[in-house]
Amino acid sequence: LKPPPVTRYNLNNVTITNTPIENRENVLVLTPMARFYQGYWDNLLQLTYPHELITLGFILPKNKEGNAAYAELDKQITKTQKYGPEKDRFKSIIILRQDFDPPLVSQDEAERHKMQNQKPRRAAMAKARNSLLFTTLGPDTSWVLWLDADVIETPPSLIQDLAFHNKPLIAPNCFQKFYNSEKKKMDERPYDFNNWQDSPTALKLGESLGPDDILLEGYHDMPTYRTLMAYMAEDGGDVHYEIPLDGVGGTALLVKADVHRDGAMFPPFSFYHLIETEGFAKMARRLGWQATGLPNYKVFHYNE
Ligand code: GDP
Ligand code: MN
């Protein structure tokens, strides 16, 4: 009788470098998905990082909306993986379905951004991200790219551009294109306000809160005076210009897999009065990893 096989991995041989293509580094692209947008999939397909080094991981809610998104996602996966050109095909794809208790009801943009809805919503999102991360991170993963399902436009070289900076966590600036009726033309505005630098006001405000209370960004009732990366973009500015960040969003974020392996995750509870992706940046910091932002490197969020 043959003994059961043992697989050995030396994590020191999994390189994480600023030349990931040359070193054949595996990238895990993780997306929590409540709705499917064709623009998201089309954008994913046009990424020039070698697809045979990319694993995709999704988590979708087990409700009516999630079922509809799953059906569309499944259709596109079959089209690409089975019938599409070889170069378009990804290394592997993992899809998780998950129920939350209580179920996270679908909400439109205005509803989900209401302040009283934020804590339970962000806690549920944190759990979804953690489930996705802990079930998909492999012994050969070098990088994790968090990419929301409604990010519909990025430069094709997104992964290698971000990795080039060789930072433990790095976030591009997430904007939204819209029709400006005053200017009578297409325009763009900042979208993700969770990429920020801390302020003395926010820290003091945190001290005044109860242990389970969280600070939220982008609400007039809670002025934090943090410096928001969303407002730091400059026309024609250097896309490689780096700033340190204390909080990050999840719309697009490249993370060295070692940061997650060290134990940094998305707290679904108040962690230093921060939750989910913002709490993740704080936890990474406590583990010795500093987040970086690129104010002039833009990606675009769908306009609902
Ligand atoms: P916002 O852009 O910050 O308002 O947040 P979104 O509603 O876009 O959510 C962020 C990401 O999580 C998107 O990719 C959504 O599709 C996804 N998402 C939203 N709600 C759920 C949920 O209940 N379960 C799962 N698995 N994903 C969700
Ligand atoms: Mn979104």
Side-chain angles (χ1 to χ4, degrees), residues 29-41 43-44 56-74 76 93-136 144-154 171-178 188-196 214 216-219 228-230 247-253 265-266 268 274-281 298-304:
V29 178
L30 295 182
T31 302
M33 179 179 280
R35 297 178 188 173
F36 177 84
Y37 294 104
Q38 189 60 42
Y40 163 86
W41 188 259
N43 183 66
L44 208 56
L56 306 178
F58 299 94
I59 186 164
L60 296 89
K62 195 103 191 81
N63 56 22
K64 202 171 158 209
E65 193 179 37
N67 291 346
Y70 175 78
E72 297 219 40
L73 175 64
D74 191 52
Q76 294 306 317
I93 300 179
I94 301 157
I95 302 177
L96 310 176
R97 300 297 303 273
Q98 190 182 39
D99 273 326
F100 288 109
D101 193 27
L104 194 61
V105 284
S106 159
Q107 296 162 337
D108 61 26
E109 191 174 311
E111 192 61 24
R112 69 177 190 257
H113 288 174
K114 274 188 192 158
M115 210 161 160
Q116 71 270 25
N117 289 337
Q118 279 288 302
K119 197 175 160 192
R121 217 191 99 70
R122 300 278 311 265
M125 281 309 306
K127 288 185 186 175
R129 290 187 194 279
N130 288 336
S131 297
L132 183 56
L133 173 64
F134 291 131
T135 53
T136 58
V144 177
L145 175 68
W146 289 94
L147 192 64
D148 274 356
D150 42 22
V151 172
I152 50 164
E153 188 186 333
T154 72
N173 213 350
C174 184
F175 272 59
Q176 185 177 53
K177 291 188 176 167
F178 72 106
E188 56 185 54
R189 60 190 167 209
Y191 185 84
D192 192 340
F193 297 113
N194 292 338
N195 296 305
W196 44 254
I214 55 166
L216 294 167
E217 193 46 68
Y219 295 86
L228 306 185
M229 181 165 80
V248 299
T251 48
L253 178 69
M265 49 73 156
F266 301 90
L274 302 171
I275 200 166
E276 205 216 353
T277 55
E278 296 162 291
F280 166 58
K298 286 182 188 163
V299 302
F300 294 93
H301 189 278
Y302 185 81
N303 186 4
E304 279 179 36

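Order of listing sets the numbers, starting from 1, for every ligand and every atom in it.
Shown in contact with Ala34 at under 4.0 Å from a heavy atom are these atoms of ligand 1, numbered in order with element: 15 (C), 16 (O), 17 (C), 18 (N), 19 (C), 20 (N), 21 (C), 27 (N), 28 (C). Taking a cut-off of under 4.0 Å to the non-hydrogen atoms of Ile59, the atoms of ligand 1 that pass are 25 (C), 26 (N). Ligand 1 places these atoms under 4.0 Å from at least one heavy atom of Tyr191: 1 (P), 2 (O), 4 (O). When each atom of ligand 1 is checked for a heavy atom of Met33 under 4.0 Å away, the hits are 16 (O), 27 (N).
Among Asp150, Leu60, Thr31, the residue whose heavy atom lies closest to atom 8 (O) of ligand 1 is Asp150. Closest to atom 6 (P) of ligand 1 by heavy atom, among Arg35, Met125, Arg121, is Arg121.
If you look at Asp150 and ask which of its N, O or S atoms sits nearest the Mn ion (ligand 2), the answer is OD2.
Residue-to-ligand polar distances keep Ala128 apart from ligand 1: every N/O pair is separated by 3.5 Å or more.
For Phe280 and Trp146, the ring centers sit 6.0 Å or farther from each other.
Remark: the backbone N or O of Leu147 is paired with a side-chain donor or acceptor of Thr31 at under 3.5 angstrom.
Between Arg129 and Ile59, the closest side-chain pair of non-hydrogen atoms is not below 4.5 Å.
Remark: of the listed residues Lys298, Lys177, His301, Lys177 is the sole one forming a side chain to side chain donor-acceptor pair (under 3.5 Å) with Glu153.
Ring geometry for Trp41 versus Phe36: interplanar angle of 30 to 60°, hence tilted. The aromatic rings of Phe300 and Phe175 stand perpendicular to each other, their planes meeting at an angle above 60°, with 30° marking the opposite boundary.
Atom CG of Leu216 is separated from atom NZ of Lys119 by 9.5 Å, given to the nearest 0.5 angstrom.
In this structure, His301 is part of the shell of residues with a heavy atom less than 4.0 angstrom from ligand 1.
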